[in-house]
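Worksheet: one structure, shown below.
Values below: every heavy atom of this structure, side chains too, minus hydrogens, waters and symmetry copies. This structure is a prediction, so every number in the text was calculated from the model and none was measured. Numbered from 1 within each chain, the chains take letters A, B, ... in sequence-line order.
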Amino acid sequence: MFNVKRKIFLMLAVSLAIGITVTAAQADDDHGREGHGGEGHVKTTLKAPANSLWQKECAACHIAYAPGLLNAESWRKVMAGLDKHFNSDASLPAREAAEISAFLQNNASGKTGAATLRISETAWFKRQHDGHEISPEVWKRAAVKSPANCAACHPQAERGNFNEHEIRIPR
Amino acid sequence: MNRTIVMVTIISGLLVRPVFAQTPVEILASIQKEAGSGAKGFSAARGETFFKTKQGGDMSCSSCHTDNPAATGKHAKTGKAINPLAPSANAERFTDPAKVDKWFKRNCNDVLARVCTPQEKGDFLTYLLTIRG
């Protein structure tokens with residue numbers, strides 16, 4: 001009797017866990033499409049379905065930059081040049097590089113524009129961070145150091161959240 | 001009933017225990033094999049010098065891993081924290097041959113602009129294994 005109850009409890013727990021995971025994945029997916037088509041509107045939440053290999057490998061050296069920060073051709077270039085990645089060797093075994101490259105390209109921004117290796121060279125980045133928005137002096141602060149250091153001012157950057165209300169510029 | 005408890009115990013045991021493919025000593029043994037019989041024995045002192053000395057370029061291993069392999073390091077460029085390298089301070093280190101190969105390839109290229117010899121890798125790991133965390 002006790003055994004049967006335990007089995008039922010386990011089955012319920014497992015199906016509940018699967019249910020929650022599926023719901024969360026769908027919610028993320030919906031969220032990622034928010035504000036996609038507006039004129040000149042920049043997506044502030046760049047959530048994509050998670051890919052654990054992308055997270056693990058990219059975040060070994062820096063934050064795992066969200067796929068929506070570059071267009072597909074840019075990501076293809078980044079992933080094709082990992083052996084000389086910003087003057088570092090970041091090479092990966094071919095199978096892993098292919099999986100991450102596909103994930104990045106499938107979830108890339110839909111923006112046209114020349115392919116670039118640097119997120120800070122994209123037109124939208126420059127527009128959002130121009131001299132009126134951010135004084136040149138801010139970039140030189142020790143806590144900021146580089147435009148690559150998103151998390152200095154966007155504490156939720158690692159989760160793909162660049163919402164204006166979350167910005168905290170360090171002194 | 002008893003069987004259920006045994007199964008649940010086994011399964012949860014598998015879930016929580018980290019499974020390492022190899023031990024650092026086994027990794028060292030395969031580097032030894034790679035070095036072949038002609039190599040001189042591995043030396044911790046040579047490994048320490050290698051670890052702390054700039055090798056032609058402007059970087060050494062310690063540029064990111066600090067002078068103390070048991071300490072938390074910091075990526076020289078991005079500032080990202082790097083978990084300790086010495087196995088005594090970080091049980092995950094040198095337990096996954098693919099990960100070891102990946103990082104030797106990358107870091108030797110960055111520091112020496114070439115691959116490391118088995119002798120260099122063996123000295124390096126011999127040194128790390130003398131560090132007490």
Side-chain angles (χ1 to χ4, degrees), chain A residues 1-11 13-14 17 52-53 55-65 78 81-97 99-100 117-120 139-153 155 157-158 170, chain B residues 1-12 14-15 18 21 54-61 63-66 72-85 90 92-116 120-121:
Chain A
M1 182 59 193
F2 185 48
N3 196 5
V4 171
K5 266 189 191 168
R6 181 186 286 264
K7 275 185 183 162
I8 292 174
F9 173 73
L10 269 174
M11 278 166 65
V14 169
S52 56
L53 194 60
Q55 177 66 40
K56 176 174 149 244
E57 291 300 336
C58 304
C61 298
H62 48 63
I63 69 159
Y65 295 109
V78 168
L82 279 186
D83 57 331
K84 291 193 175 66
H85 184 71
F86 298 90
N87 296 323
S88 280
D89 183 340
S91 51
L92 281 170
R95 195 197 54 78
E96 296 179 11
E99 178 181 331
I100 295 172
L117 301 182
R118 288 182 191 275
I119 292 163
S120 56
W139 299 105
K140 294 179 189 146
R141 293 180 190 167
V144 179
K145 215 175 111 182
S146 153
N149 188 11
C150 309
C153 305
E158 197 129 19
Chain B
M1 178 66 192
N2 274 341
R3 201 184 291 167
T4 313
I5 291 175
V6 170
M7 284 302 288
V8 167
T9 313
I10 290 173
I11 290 169
S12 39
L14 286 175
L15 288 177
K54 288 178 183 170
Q55 313 277 335
D58 54 357
M59 281 178 91
S60 65
C61 310
S63 302
C64 293
H65 293 291
T66 81
T72 297
K74 188 177 170 191
H75 194 290
K77 217 165 163 189
T78 67
K80 177 126 190 149
I82 301 172
N83 290 332
L85 192 55
N90 180 357
E92 271 183 41
R93 289 299 191 189
F94 298 92
T95 57
D96 174 353
K99 187 172 177 183
V100 171
D101 286 349
K102 179 175 75 182
W103 284 101
F104 267 136
K105 177 187 183 295
R106 290 172 166 182
N107 293 350
C108 292
N109 250 335
D110 285 349
V111 174
L112 298 101
R114 61 169 172 82
V115 294
C116 290
E120 286 164 339
K121 291 195 272 187

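The residue among A:Ala90, A:Pro93, A:Ala148, A:Ser146 with the most heavy atom pairs within less than 4.5 Å of chain B is A:Ala90.
Heavy atoms of other residues, nucleotides or ligands lying less than 6.0 angstrom from CZ of A:Arg141 number more than 12. Heavy-atom neighbours of A:Arg95 CZ from other residues, nucleotides or ligands within 6.0 Å: at or below the threshold of 12.
Using a cut-off of 4.0 Å between Lys/Arg side-chain N and Asp/Glu carboxylate O, B:Lys102 and A:Glu96 are scored as not salt-bridged.
Atoms NZ and CG, from A:Lys84 and B:Asn109 in turn, are 8.0 Å apart once rounded to the nearest 0.5 Å. With values rounded to the nearest 0.5 angstrom, A:His62 atom NE2 is found 10.0 Å from B:Lys77 atom NZ.
A distance-only check finds no donor-acceptor pair linking the side chain of B:Lys80 to the backbone of A:Ala60 [under 3.5 Å].
A:Lys145 is not listed as a side-chain neighbour of B:Thr78, based on a closest heavy-atom distance of 4.5 Å or more.
Of all non-hydrogen atoms in A:Asp89 and B:Lys105, the two that sit nearest each other are OD2-NZ, 3.2 Å.
For A:Ser88, the parts lying near chain B are the backbone and the side chain together; criterion is any non-hydrogen pair under 4.5 Å. With a 4.5 angstrom heavy-atom cutoff, B:Ala76 touches chain A only via backbone atoms.
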